[in-house]
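Here is the structure we will look at.
Only a predicted model underlies this, so the values are computations on that prediction, with no experimental measurement involved. Just so it is clear: chains get the letters A, B, ... in the order the sequence lines come, proteins before strands, and each one is counted from 1.
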Number of protein chains: 2
Amino acid sequence: MNINPKKISNPQLKEQEFSINHQKLIDATIETIAKKGLADTTIAQVAKKAMVSQGYANFRFKSKENLLLSSLKFLSDEYKNSWQRIFEDNNLDPVGRVVKIIENDFSSKIASRNKIAVWVSFYSEVKFRPSYLTICQKQDEIYSSQMEKLIKELNFLTDQTFLTPREISETYLSMVDGLWQRILFDPKMYSHVFCKGLIKKYFKNIYTDEKRFV
Amino acid sequence: MNINPKKISNPQLKEQEFSINHQKLIDATIETIAKKGLADTTIAQVAKKAMVSQGYANFRFKSKENLLLSSLKFLSDEYKNSWQRIFEDNNLDPVGRVVKIIENDFSSKIASRNKIAVWVSFYSEVKFRPSYLTICQKQDEIYSSQMEKLIKELNFLTDQTFLTPREISETYLSMVDGLWQRILFDPKMYSHVFCKGLIKKYFKNIYTDEKRFV
DNA sequence: ACCCATATTGAATGATTATTCAATACAAAA
DNA sequence: TTTTGTATTGAATAATCATTCAATATGGGT
C-alpha cells in the first residue's frame, strides 16, 4: 500500500530550474507569502500546498531563504520578460510603447493581488537584506533609464518641454509603485481599470493632442 | 548589590499611554522593525533596546502582536496630528495648504527612513491582518477626501478643468506612497528634496501660473 | 520601622519551525 | 529479475521565541 506515492521523475528535466516540482514550490511560495506574509510562511505550509514533503522542499532549495529568493527571482524575471517584449517590438512607436507599458503594469498576469503582495513583502525588507536588493535594483535602474529614453523620444515628437523626461518617468514609476500598494489596501477602489485610467490621464494632460492616452 | 536597578515608578503617569517605558518600548519597536523587519523582530531585542526586561515588555503590552499594533498606532497618530495641524490652520490658502502637505509628507520627522520602513512592513501585511487595516484605512479615506476637497478649491481658483480633483488627489497620494517605497531602495537618489521637487513640478505643470510650486 | 501596592525582573515553559538524514520508493539498466 | 542511482519521504533534532509567573525591589502611607 502506498498512501503517498513518490513522484515520477522526469529524466528530460534534470535542470533544477525547469523541473515541475521546482515551479510548483515557487508557485506555492508566492501563494503562501501572499496569504500569510513573509514572517508566517513556513516550509511546511509551502510543501503542503505544493504537495511534496517538507524534507523535499528543503532538499530542493537548500534553505528557506533560498526558496524565498528563488520566488522573488521568478517574479523579477517574469516582469523583465514582459518589459523586454515591449521594448523589442519594432512595430511600436513611442506612444504605443508607453501605452503597452502601462497596460502591462496593470495586467492581470503581472499585477495580480497575490504577486503584488509578494513584491511589497520583499520591498519591505530590502533595506536590510542585500540579497533582495541585488535581485531588484539593477533591473530597476534599467527600467528607469529605458523609460526616460522613451519619454525623451516622446517629448521630441511633441512640443512638450516643461517637464523633463526624467521627471515624467520618475513620476510614472513611483505612481505605479504607489498604486500597487494601494491595490493591496482596497482592490475594489483601485481596480486595474481605475489605475490605468489615472495614469493615462496623467499622460493625456501632458501630451494633450495624443488620442491614444484615453 | 543591585546590578539591574528597578525603574523608579512615576505615580503621576498612571495611564499606560503616557508612561516613559511605554514610549521607550514603542520607539525601540520602530527601530527594530526598521532594522530587522517584522519577521525577525523579537520581544527580547526590543526589550534590550528599550533597556527593560523581556518579561516587562510582554507584561506591559500583553502580547507581541499588541506591541506591534501600538507602534503602528503611534505612527498613524503622529501622521494624523501633523495633517490636522495643516488643515486647521486658517492662515493658509489652498495653494499654501498643498505646499505644506507636500513638505510634511517628506519632512524628516514623518518620512525618516526608519519610519517608512515600518509603514511599508505593515502595508505588506495589511491584506491578511484586519487589525492593521483597521488602524490605517479609515484615516486614509479621510486624507483622500480632504485632499480631493482641497484640490476642488484649487481648481475653482484657477482655470484648470481637464483633471478632476479626484484624479489629482489620487495621483498625489499614490506618488507619495511610491516615493516612500523608493526611498527604502535608494535614499541617496530619492532624497527628500528630490521627492518634494518632483511633486511640486507635477502641480506646477497643472497650475502653471502659481509661483509657489517651485 | 514596617506594611502594602505596584513595578519589574529573569528564568522556566512550551510551542513553533528550519534543517538533517536514514529509510524507502522508483525507473532504467543490466 | 536484480542492481543501481536518484527522487522523495517523514520523523528526529536543535534552535528560537513568545509567554508565564514566582520572586524581588521600590516608595509612600501609617
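One atom, CD of Gln54(B), and another, P of dA7(C), lie 20 Å apart when rounded to the nearest Å. Taking atom NE2 on His22(A) and atom P on dT6(D), their separation rounds to 20 Å, with Å as the unit. In this entry the distance linking NZ of Lys62(A) with C1' of dA18(C) reads 15 Å, nearest Å. Remark: P of dT8(C) and CE of Met51(B) are 13 Å apart, rounded to the nearest angstrom. Here the P atom of nucleotide dT16(C) and the CD1 atom of Ile43(A) are 17 Å apart, to the nearest Å. Rounded to whole angstrom, the span from the CZ atom of Phe59(B) across to the C1' atom of dA7(C) amounts to 7 Å. Atom-to-atom, CD of Glu65(B) to P of dT19(D) comes out at 9 Å; the value is rounded to the nearest Å. Rounded to an integer number of Å, the gap from Gln45(A) CD to dT16(C) C1' is 11 Å.
For Asn21(A) and dA7(D), the shortest distance from a side-chain N or O to OP1 or OP2 is not below 4.0 Å.
Residues Phe128(A) and Asp40(B) fail the side-chain proximity criterion, which asks for heavy atoms closer than 4.5 Å.
Along DNA chain C, the nucleotide closest to Ala57(B) and the one closest to Ala39(A) are compared, and the more 5′ of them pairs with Ala57(B).
Among dT9(D), dT19(C), dT8(C), the nucleotide with an atom closest to any side-chain atom of Tyr56(A) is dT9(D). Listed nucleotides dA18(C), dA18(D), dT9(D) differ in distance to Asn58(B); the shortest reach to its side chain belongs to dA18(D). Taking the side chain of Thr42(A) as heavy atoms from C-beta on, and the options dA18(C), dG10(C), dT9(D), the nearest nucleotide is dA18(C).
What you find for Ile101(A) and Met147(A) is that their closest heavy atoms are CG2-SD, 4.5 Å.
Proximity of a side-chain donor or acceptor of Arg60(A) to a complementary backbone N or O of Gly55(A) within less than 3.5 Å is not detected.
None of Tyr172(A), Phe194(A), Phe213(A) except one satisfies the side chain to side chain contact (heavy atoms under 4.5 Å, CB included) rule with Ile199(A); the exception is Tyr172(A).
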